[in-house]
Q: 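Take a look at this one; I'll ask things after.
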Amino acid sequence: MSANVPAPAGKKLNRIGLEPSAYRGGKSTLCAGCGHNAISERIIEAFHEMGVDSQRVIKLSGIGCSSKSPAYFLGAAHGFNAVHGRMPSVATGAMLANRDLLAIGVSGDGDTGAIGIGQFVHLMRRNVPMIYIVENNGCYGLTKGQLSPTADLGSQLKNGVVNDLPPIDLCVLAMELGASFVARTFSGDKKQMSALLKGAIAHRGTAMLDIISPCVTFNDHEGSTKSYSYVKDHEEPLGEISFVPFFEEISVDYGPGEVQAVALHDGSKLLLKKLGGDYDATNRMMARRVLHESAARGEFATGLIYAEPGRPDFLGLLNVVDEPLSTLPPEKTRPGREVLDAIMAALR
Amino acid sequence: MTPEAIARQQAAGPAAPQIVNDFSIQVATVNGSGSQTANLVLLRSIFQTGIPVSGKNLFPSNIAGLPTWFTIRASRHGYIARRKEADILVAMNVDTAREDVESLRAGAAVVYDEPLRLDRVRDDVIFYPVPFDRIVAPVCPDARLRKLVRNMIYDGVLARLLGIDLEQMRVALGRQLGKKAKAVALNEAALRAGFDYAASSLEKRDPFAIEPMNETAGKILIDGNAAAAIGAMMAGVTVVTWYPITPSSSVCEALTGYMQAHRMDKDTGKATFAIVQAEDELSALGMALGAGWAGARSMTATSGPGISLMAEFAGLGHYAEVPTVIFDIQRAGPSTGLPTRTAQGDVLSNAVLSHGDTRHPMLLPASVGEAYEMALAAFDLAERLQTPVFVMSDLDLGMNVWMSDPFPYPEEPPDRGKRLTPDVLERIGDWGRYRDVDGDAIPWRTVPGDGMPAYFCRGSGHNDTGQYSERPGDYTSTLDRLARKLDAARTLVPPAVSDEDDQADVGIVGFGTSHWGIVESRDQLREEEDLPTSYLRLRGYPFGPEVEAFVRRYDRVYVVEQNRDGQMAALLTLDLDPALATRLRPVRHYDGLPLDARTITAAIGDQERQGGTR
């Protein structure tokens, strides 16, 4: 596709010549106004703008409303809707089989925070290259409104039931486990979510995104701490975030000390313009402190919480050949006769 | 020879004829004391002398300090099942020594640590007291190593008493200890010291003797788990995900060793495989399925408790049609059960593992040779059928050392199953992941990154393109095709094999390690009870047509298995013509010990007598 041919009016072609519609999926069956639908839209845009080849994308999920959403984006990509809480293991296995794939896993706060908490913990430890999104609404939507482990202490269901257990903060937990990319955002914050999604695409390792995504049917009322109004009032962005892909030049000027640039594996950059405080997204201890302090105030710290682009990913640790294991021919995977003969001789 | 006949022979006195190459030795020690090396040296030296031999380790669920027994059976007839009676006891464990001696039949022989004074326990057994501590001291100056080395003394004593060539023992020791020169020298000295002591101080009063034969030429000794590992490697497995559990851990540990030795890429030195110890069995199977879905040959290995955890993913693999191989090295259940005892107790649950209408193919190896061959075959079968395949081994096969002919190199290339290519796509036109276009109930599949059309893999109800569907017609259509696919597996799994006696009214059906007790029992039944039998050994599930045909030919069919509830008999009952079900009679062994022939003979003999047919 020649750069001199002007794009047809209204059609925005990316660097591999595709329109945004090429990245769409099926029609959503989620409730009108569901936060997850906004996330799906942002995913479509991010993958389009990054010029990703859908043929190398795999989209995975567990069970829940959030886990239905992969059907609504990237229709040309392979998908795997697994079982409740166990998507991390399936994604890990798929990446072991083919390290060239780009994996995006969508989960919910029940799928990850309750039944899936064990697999989440070990996924963060391993740093498997994938995007891991928790669409976090503090409740179980698909089974009609039960409390989830991320519901805040004292928050209330529509029927008046009050949560009397402390919440699991998935970003704090991810930090504790040594995760290499931790971010939180809100389904209503288009700019922030877009930049973070693109950063996640560029990151080599597990990019964990905790996205507050209100449930309009079961948890958007007075007394919920995950409603649209509550989140808007209590969001504390850590900085103004933008993303520069490796295939574009940085065109903005910043004064010294104003912006922290985090360089990602493929050469892209996340730019964090500081707001007031001096947040350093590469400082693990600071990230933990800020998360705890904002939670103590009943606020949500959002943005890029922490990034460690240089942390080795799981496949690197395993010292696996560069070619995807799923493509290796028998010449490489079936040892020759002399090997079997030698093994037999040693057993006589 | 029956125990009664042996005892009569003993009673006849020192002039009684020898019992050559037909006896069992039981070594009673403490686990963690280094007896395993001495036991394997003894086993190997008999094997090297050309005599068919088997070794069974009866060990506790513990790391060190509890009783352990190792039984070696030498059989010139080639019988390698366990024998309940020990002919020669080596009593090294003070805690169990008295009970060990009391359990012997009259006329047995006992080699024991002299201070135990076991000769006071009874007077109808031949005692050989050996002062182990006195013998080991000059041989092993380092007191810390004496505990490990003193076991080798009983090997030397037995070599002298039984007439085993000490040189064979030295060769066996070298094979066992490899290049550790200091250890070899020390152990050799202990061997020699034991041998010399027996020569100078023990008068042979027992009839047991070893004489060279030529029945083991060219054979190997290996445990079933290592055999399965070799098969998996030769099958080209690339993703191995597992969680440790007794008795399956050594499948993946042996596999790790073989892969690191033989599957590193020659050009880059990198691995052509990924072996991951998962955080639990659910994750292990989840990873294996993710890898299988993405086009790699994958596997996991576990035992009963792990299988229970894997039930949900097994159902997903079945319904979403994702290939993988699951090795179940069965142990005694239910629940935690007996982690170090053998059983065939997962047969029924694995056939239907998961909720809803689920069925899985199972392969049933009976020998280390079949553990290798069926491991190889399982990967082809999983990808051909696009489903998880279970290889049903057990602790007896997996963790004990067995003789075998060397394993044959696989001549056929791997069968990767029906993978959609541009040519096939052109031929069939409109593709759907779950569409049966060839009438064999097996669709064409694509994998991420292969350049072919994508699909959504899901455990929820789906239509033939993989889209979510709640339509009754889509649902029943999928279930019906899955049933037809499993039916097709009847002729793809290894067929049953039979040995039929046209004099026989009675059939025996068995599978797995029960085979060894069955073949010996058939000889006992013929010789002692004048009862000829035919025998069918199941090697795969679902059952091929040869199974029902066999049952149809006999008035009574004894189904021999190592579980309480007759699980294989139940599967047969579900599958066979209902009119045939009444012919099935149970022979159920479930004490956790490997099945012996006498138990089978007694059970069939008793039922035949009760049935009024004899």
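Quick note on labels: first sequence line is chain A, next is B, and so on, each numbered from 1.
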Q: With only heavy atoms counted, which part of Ser283(B) is less than 4.5 Å from chain A, the side chain, the backbone, both or neither?
A: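 Both parts, backbone and side chain.
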Q: Have Ser66(A) and His36(A) got a donor and an acceptor in their side chains that come within less than 3.5 Å?
A: no
Q: What residue in Gly292(B), Gly451(B), Ser298(B), Pro453(B) has the most heavy-atom pairs under 4.5 Å with chain A?
A: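 It is Gly451(B).
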Q: Heavy-atom pairs under 4.5 Å with chain A are the metric here; pick the option from Met234(B), Lys219(B), Gln48(B) that has the most.
A: Met234(B)
Q: Given heavy-atom pairs under 4.5 angstrom as the criterion, report whether the side chain, backbone, both or neither of Arg175(B) touches chain A.
A: side chain
Q: So which part of Pro413(B) gets closer than 4.5 Å to some heavy atom of chain A, the side chain, the backbone, both or neither?
A: backbone
Q: At a heavy-atom separation under 4.5 Å, does Pro408(B) approach chain A through its side chain, its backbone, both, or neither?
A: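 The backbone, not the side chain.
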Q: Could you check whether any side-chain N or O of Arg263(B) sits under 3.5 Å from a backbone N or O of Thr333(A), counting only pairs where one atom can act as donor and the other as acceptor?
A: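 Yes, because the side chain of Arg263(B) sits within donor-acceptor range (under 3.5 Å) of the backbone of Thr333(A).
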Q: How far apart are the closest heavy atoms of Ala294(B) and Ala97(A), and which atoms are they?
A: CB-CB, 3.7 Å
Q: Please determine whether side-chain contact (heavy atoms from CB on, under 4.5 Å) holds for the pair Met310(B) and Leu282(B), giving the CA-CA distance in whole Å, both sets of side-chain angles, and the decisive distance to 0.1 Å.
A: CA-CA 5 Å; Met310(B) 293 180 180; Leu282(B) 293 97; over 6 Å; no
Q: I need the residue from Lys68(A), Arg126(A), Arg125(A), Glu323(A) with the largest number of non-hydrogen atom pairs under 4.5 Å to chain B.
A: Arg126(A)
Q: Write down the atom of Asp415(B), the atom of Asp380(B), and the distance for their closest heavy-atom approach.
A: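 Distance-wise, the nearest heavy atoms are N-OD1, 3.0 Å.
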Q: For chain A, which of Thr241(B), Ile230(B), Ile222(B), Val276(B) has the most heavy-atom pairs under 4.5 Å?
A: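 The option with the most such pairs is Val276(B).
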Q: Flag the one option from Pro414(B), Ala320(B), Gly449(B) with the top tally of heavy-atom pairs under 4.5 Å to chain A.
A: Pro414(B)
Q: Which label fits His84(A) and Tyr140(A): parallel for a plane angle under 30°, tilted from 30 to 60°, or perpendicular past 60°?
A: perpendicular
Q: Which answer fits Pro330(A), side chain, backbone, both or neither, if we ask what part of it has an atom under 4.5 Å from a heavy atom of chain B?
A: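 Looking at Pro330(A), just its side chain touches chain B.
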Q: When rounded to the nearest 0.5 angstrom, what distance separates OG1 in Thr465(B) from OH in Tyr434(B)?
A: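 It comes to 10.0 Å.
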Q: Under 4.5 Å from any heavy atom of chain A, what part of Ala274(B) do you find: side chain, backbone, both or neither?
A: both
Q: Would Gln467(B) and Ser469(B) count as having a side-chain donor-acceptor pair, cut-off 3.5 Å?
A: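 Their side chains do not contain a donor-acceptor pair, so the 3.5 Å distance test is not met.
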Q: Identify which part of Asn98(A) has an atom lying under 4.5 Å from any heavy atom of chain B, answering side chain, backbone, both or neither.
A: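 Asn98(A) touches chain B through side-chain heavy atoms alone.
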Q: If we define contacts as heavy-atom pairs under 4.5 Å, which of Gly290(B), Ala284(B), Gly269(B), Ala261(B) has the most with chain A?
A: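 Option with the greatest count: Gly290(B).
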Q: Closer than 3.5 angstrom, by distance alone: can the side chain of Asn319(A) be matched with the main-chain N or O of Ala271(B) as a donor-acceptor pair?
A: no
Q: Within residues 87-96 of chain A, which positions have a heavy-atom distance to chain B below 4.5 Å?
A: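 If one takes a 4.5 Å heavy-atom cut-off, the residues of residues 87-96 of chain A near chain B are Ser89(A), Val90(A), Thr92(A), Gly93(A), Ala94(A), Leu96(A).
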Q: So, are Glu19(A) and Arg24(A) salt-bridged, with charged N and O less than 4.0 Å apart?
A: no
Q: For Tyr23(A) and Asn14(A), does a side-chain donor sit closer than 3.5 Å to a side-chain acceptor?
A: yes
Q: How far does CD1 of Ile16(A) sit from NE2 of His48(A), to the nearest 0.5 angstrom?
A: 8.5 Å
Q: For the NE2 atom of His203(A) and the CG atom of Asp313(A), what is their distance to the nearest 0.5 Å?
A: 8.5 Å
Q: Less than 4.5 Å to any heavy atom of chain A: does that hold for the side chain of Ser460(B), its backbone, both, or neither?
A: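 Side chain only.
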Q: Which side-chain N or O atoms in residues 337-348 of chain A pair as donor and acceptor under 3.5 Å with protein atoms at least two apart or in another chain?
A:
from	atom 1	to	atom 2	distance (Å)
Arg337(A)	NH1	Glu411(B)	OE2	3.1
Arg337(A)	NH2	Glu411(B)	OE1	3.0
Arg348(A)	NE	Gly218(B)	O	3.1

Q: Please round to the nearest 0.5 Å and tell me the distance separating atom OG of Ser367(B) and atom CD of Glu373(B).
A: 7.5 Å
Q: Check the pair Tyr319(B) / His462(B) against ring-ring contact (aromatic ring centres under 6.0 Å, His included), numbers first and verdict last.
A: CA-CA 10 Å; Tyr319(B) 195 41; His462(B) 45 274; 4.8 Å; yes
Q: Identify the residues of residues 174-181 of chain A whose heavy atoms come closer than 4.5 Å to a heavy atom of chain B, ordered by number, or report 'none'.
A: none
Q: Looking at Gly26(A), Gly336(A), Ala76(A), Gly75(A), which one has more heavy-atom pairs under 4.5 Å with chain B than the rest?
A: Gly336(A)
Q: Can you list the steps and then say if Thr206(A) with Met124(A) is a side-chain contact (heavy atoms from CB on, under 4.5 Å)?
A: CA-CA 7 Å; Thr206(A) 306; Met124(A) 294 302 115; 3.7 Å; yes
Q: To the nearest 0.5 angstrom, please state how far the CE atom of Met452(B) sits from the CH2 atom of Trp444(B).
A: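 Separation between the atoms: 12.0 Å.
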Q: Please flag which part of Pro324(A) lies under 4.5 Å from any non-hydrogen atom of chain B: side chain, backbone, both or neither.
A: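 Nothing of Pro324(A), per the 4.5 Å heavy-atom cut-off to chain B.
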Q: Using a distance-only test with no angle check, is there a side-chain donor-acceptor pair under 3.5 angstrom linking Tyr468(B) and Thr29(A)?
A: no
Q: Could you list which of residues 54-64 of chain A have a heavy atom closer than 4.5 Å to any heavy atom of chain B, in residue-number order?
A: Gln55(A), Ile58(A), Lys59(A), Leu60(A)
Q: Look at Lys332(A) together with Asp265(B) and state whether they make a salt bridge at an N to O cut-off of under 4.0 Å.
A: yes
Q: Find the distance between CD (Gln176(B)) and OG (Ser45(B)) and round it off to the nearest 0.5 Å.
A: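 These two atoms lie 10.5 Å from each other.
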Q: Flag the one option from Val447(B), Val237(B), Leu289(B) with the top tally of heavy-atom pairs under 4.5 Å to chain A.
A: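 Top option by heavy-atom pairs under 4.5 Å: Val447(B).
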